[in-house]
Number of protein chains: 2
Amino acid sequence: MADATNAKRNKVVPDIVVGRLPLYLRTLIRLEEEGKIVTSSQELATRLGFSSAQIRKDLSHFGEFGKQGTGYNIAYLMQQLKNILNLDAMWDVALVGVGDLGHALARYGRFVPKGFRIAALFDADPRKIGTRVNNIPVQNSEHIVDAIKQAGIKIAILAVPLDVAQDTADRLVEAGVQAILNYAPTTLIVPPNVKVQNIDPIAHLQKMTYYCER
Amino acid sequence: MADATNAKRNKVVPDIVVGRLPLYLRTLIRLEEEGKIVTSSQELATRLGFSSAQIRKDLSHFGEFGKQGTGYNIAYLMQQLKNILNLDAMWDVALVGVGDLGHALARYGRFVPKGFRIAALFDADPRKIGTRVNNIPVQNSEHIVDAIKQAGIKIAILAVPLDVAQDTADRLVEAGVQAILNYAPTTLIVPPNVKVQNIDPIAHLQKMTYYCER
DNA sequence: TAGATTGTTAATCGATTAACAATC
DNA sequence: TAGATTGTTAATCGATTAACAATC
């Protein structure tokens, strides 16, 4: 591929920069909803609480998307970011663990419009297996490796109890999963080619209480 | 207060360091559950995927907690970290928005053992007001400012729809909330003395798809 | 004692920002 | 044109790591 975006793909982009791209995308969508056609690094910066230099610098890792004196065409930059983040087509996602949290995630309406479809549910509880959540059948997690392989699923959300989290992650890796959104409060050990993002509300709260006064 | 921990409180600790303390605490709890009495920066580092130097350096911001040649007494370091993070007593938390996610959070069993008690629920939906979730009554969010003030609540979890997120945050701030765990996919604008932590599964997933191959 | 590990220093590494030429 | 804003460079800022004296 010969365009600027992909020409720069070979250089390593800092992970912290990649992590900000979804926030840029989110903000652009918002601006578009407000009827705006173009924006600037300054406007994005104000919305996000970043510096405008950071936004320009971040984007410069991937190409040139703006016009001097004018700024960025919102629709164009959105499309470019979606392309960079591999969001051009829908991703199928496996959700493992259909407890309260898994249930809420299975019904979460924002996944599909943002490019993610919960395509398979797994649980170990025989009472849940065979039931449906949001019209998706809950499968026996004993068959998780084959089922995920067969479906070609590359992304998983892990919402299982702590004590089976690492074991489940091992099986997801075995099944070819490349990205795990981990809700279990533990550091998963996975091969370097597998990405993990952790969501732990307790850790977030405990970070903030450092600054809190009673 | 005269101990080493608080003597160092005056110097500004980098926010990124504070954010790692809950992970240290989490790992120490795990080690204690495994029956260990002492640990080392190296052991913690291996569990967390950090460097041992980083762990020693991070802790050094707050005092001296280890013994050369021996390492750290787990119970002692746990207690110190809890003290540093203001986790010695239970924090009351207000949960705003009792949708699927709010419902799951209200029933989440890990808050209490980790020092957080969901003490009040709020929702704008008349059909939900007056009902109970996990035996906590859902209050009318019209009265949120007074109710939170009266209860002296300093921490809130925001699980409301995007379009009312900023407005709700404004009211939380007005009510004296110092920390907001924000599940709405937007950057909240709050005064500098109010801490916000964002949890957005979509942003996490989109960060990982950058590295994924179909 | 010998071995192990801390706490700290200094060096390294990486990220952010200020500034500005280019140019729309 | 005049004003605005980009993309990039270089400087600054901050975080991480290597190394080691101190010492348990």
Side-chain angles (χ1 to χ4, degrees), chain A residues 3-5 7-9 11-21 23-24 27-28 31 36-78 80-81 84 207 210, chain B residues 3-5 7-9 11-21 23-24 27-28 31 36-78 80-81 84 207 210:
Chain A
D3 64 296
T5 302
K8 295 211 174 184
R9 272 271 168 96
K11 305 189 186 172
V12 175
V13 177
D15 196 57
I16 197 162
V17 172
V18 176
R20 283 190 292 259
L21 299 185
L23 306 183
Y24 298 160
T27 307
L28 290 166
L31 288 165
K36 297 214 170 69
I37 303 296
V38 295
T39 187
S40 64
S41 58
Q42 184 50 59
E43 186 171 42
L44 289 168
T46 302
R47 297 260 179 159
L48 285 161
F50 302 157
S51 76
S52 65
Q54 179 166 76
I55 288 171
R56 294 197 301 278
K57 176 103 213 204
D58 282 357
L59 294 176
S60 77
H61 284 99
F62 304 97
E64 305 187 358
F65 307 112
K67 275 204 184 71
Q68 283 105 323
T70 308
Y72 303 93
N73 178 286
I74 291 173
Y76 176 72
L77 183 51
M78 272 177 54
Q80 292 297 308
L81 287 175
I84 291 164
K207 176 179 176 178
Y210 174 79
Chain B
D3 64 296
T5 302
K8 294 211 175 187
R9 271 273 169 96
K11 305 190 184 174
V12 175
V13 177
D15 195 57
I16 197 161
V17 172
V18 176
R20 282 191 291 259
L21 299 185
L23 306 183
Y24 298 160
T27 307
L28 289 166
L31 288 165
K36 297 213 169 69
I37 303 296
V38 295
T39 186
S40 64
S41 59
Q42 183 51 60
E43 186 171 42
L44 289 167
T46 303
R47 297 260 180 158
L48 285 161
F50 300 158
S51 77
S52 65
Q54 179 165 75
I55 288 171
R56 294 197 301 278
K57 176 101 210 201
D58 283 357
L59 295 177
S60 77
H61 284 98
F62 304 97
E64 305 187 359
F65 308 111
K67 276 204 182 71
Q68 282 105 324
T70 308
Y72 302 93
N73 178 286
I74 291 173
Y76 176 72
L77 184 53
M78 272 175 55
Q80 292 297 307
L81 287 175
I84 291 164
K207 176 179 177 180
Y210 174 79

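Below, each value reflects all heavy atoms present in this structure, side chains not excepted, and no hydrogens, waters or symmetry copies. Numbers restart at 1 for each chain; the letters A, B, ... are given by sequence-line order, proteins then strands.
Taking CD of B/Glu43 as the reference point, atom CD1 of B/Ile55 lies at 10.0 Å (rounded to 0.5 Å). Distance check, rounded to the nearest 0.5 Å: CG of A/Leu81 to CZ of A/Phe65 gives 7.0 Å. Taking CZ of A/Arg56 as the start and OG of A/Ser51 as the end, the distance is 8.0 Å to the nearest 0.5 Å. Atom OH of A/Tyr210 is separated from atom CG of B/Asp15 by 9.5 Å, given to the nearest 0.5 angstrom. Taken from CZ in B/Arg47 to CG in B/Leu31, the straight-line distance is 4.5 Å, to the nearest 0.5 Å. To the nearest 0.5 angstrom, B/Leu59 atom CG is 7.5 Å from B/Ile84 atom CD1.
Residue A/Thr70 places its side chain closer to C/dC24 than to any other of C/dC24, D/dG7, C/dG7. Set against D/dT6, C/dT6, C/dA15, the side chain of A/Pro14 has C/dA15 as its closest nucleotide. Checking C/dT6, D/dT16, D/dT6 against the side-chain heavy atoms of A/Gln68 singles out D/dT6 as nearest.
In this entry the distance linking CZ of B/Phe65 with P of C/dT6 reads 13 Å, nearest Å. At whole-Å resolution of the value, NZ in B/Lys67 and C1' in D/dA22 are 15 Å apart. With rounding to whole Å, A/Tyr72 atom OH is found 17 Å from D/dA4 atom P. One interatomic measurement links the two molecules: CG of B/Asn73 to C1' of C/dT6, which rounds to 15 Å at whole-angstrom precision. Look at CG on B/Leu48: it is 14 Å from P on D/dT16, rounded to the nearest Å. For the pair B/Ile16 CD1 and D/dA15 P, the computed distance is 7 Å after rounding to whole Å. As a whole-Å value, the separation of A/Glu43 CD from D/dA4 C1' is 14 Å. In this structure, the CD atom of B/Gln42 is 12 Å from the P atom of D/dT17, given to the nearest Å.
Near DNA chain D, meaning a heavy atom under 4.0 Å away, the residues from residues 49-59 of chain B are B/Ser51, B/Ala53, B/Gln54, B/Arg56, B/Lys57.
By the 4.5 Å heavy-atom criterion applied to side chains, A/Asn73 and A/Ile37 are counted as neighbours. When side chains are defined from C-beta on, B/Phe50 does not count as touching B/Leu44, because their heavy atoms never get closer than 4.5 Å.
Checking the phosphate oxygens (OP1, OP2) of C/dT6, a side-chain nitrogen or oxygen of B/Ser41 falls inside 4.0 Å. Proximity of B/Arg20 to the phosphate of D/dA15: no side-chain N or O atom is located under 4.0 Å from OP1 or OP2.
B/Lys67 is linked by a side chain to side chain contact (heavy atoms under 4.5 Å, CB included) to B/Thr70, counting only residues two or more places apart in sequence or in another chain.
Overall, the helix from C/dG3-D/dC24 to C/dC24-D/dG3 carries an axis bend of 20° between its ends, with five pairs at each end and the value rounded to 10°.
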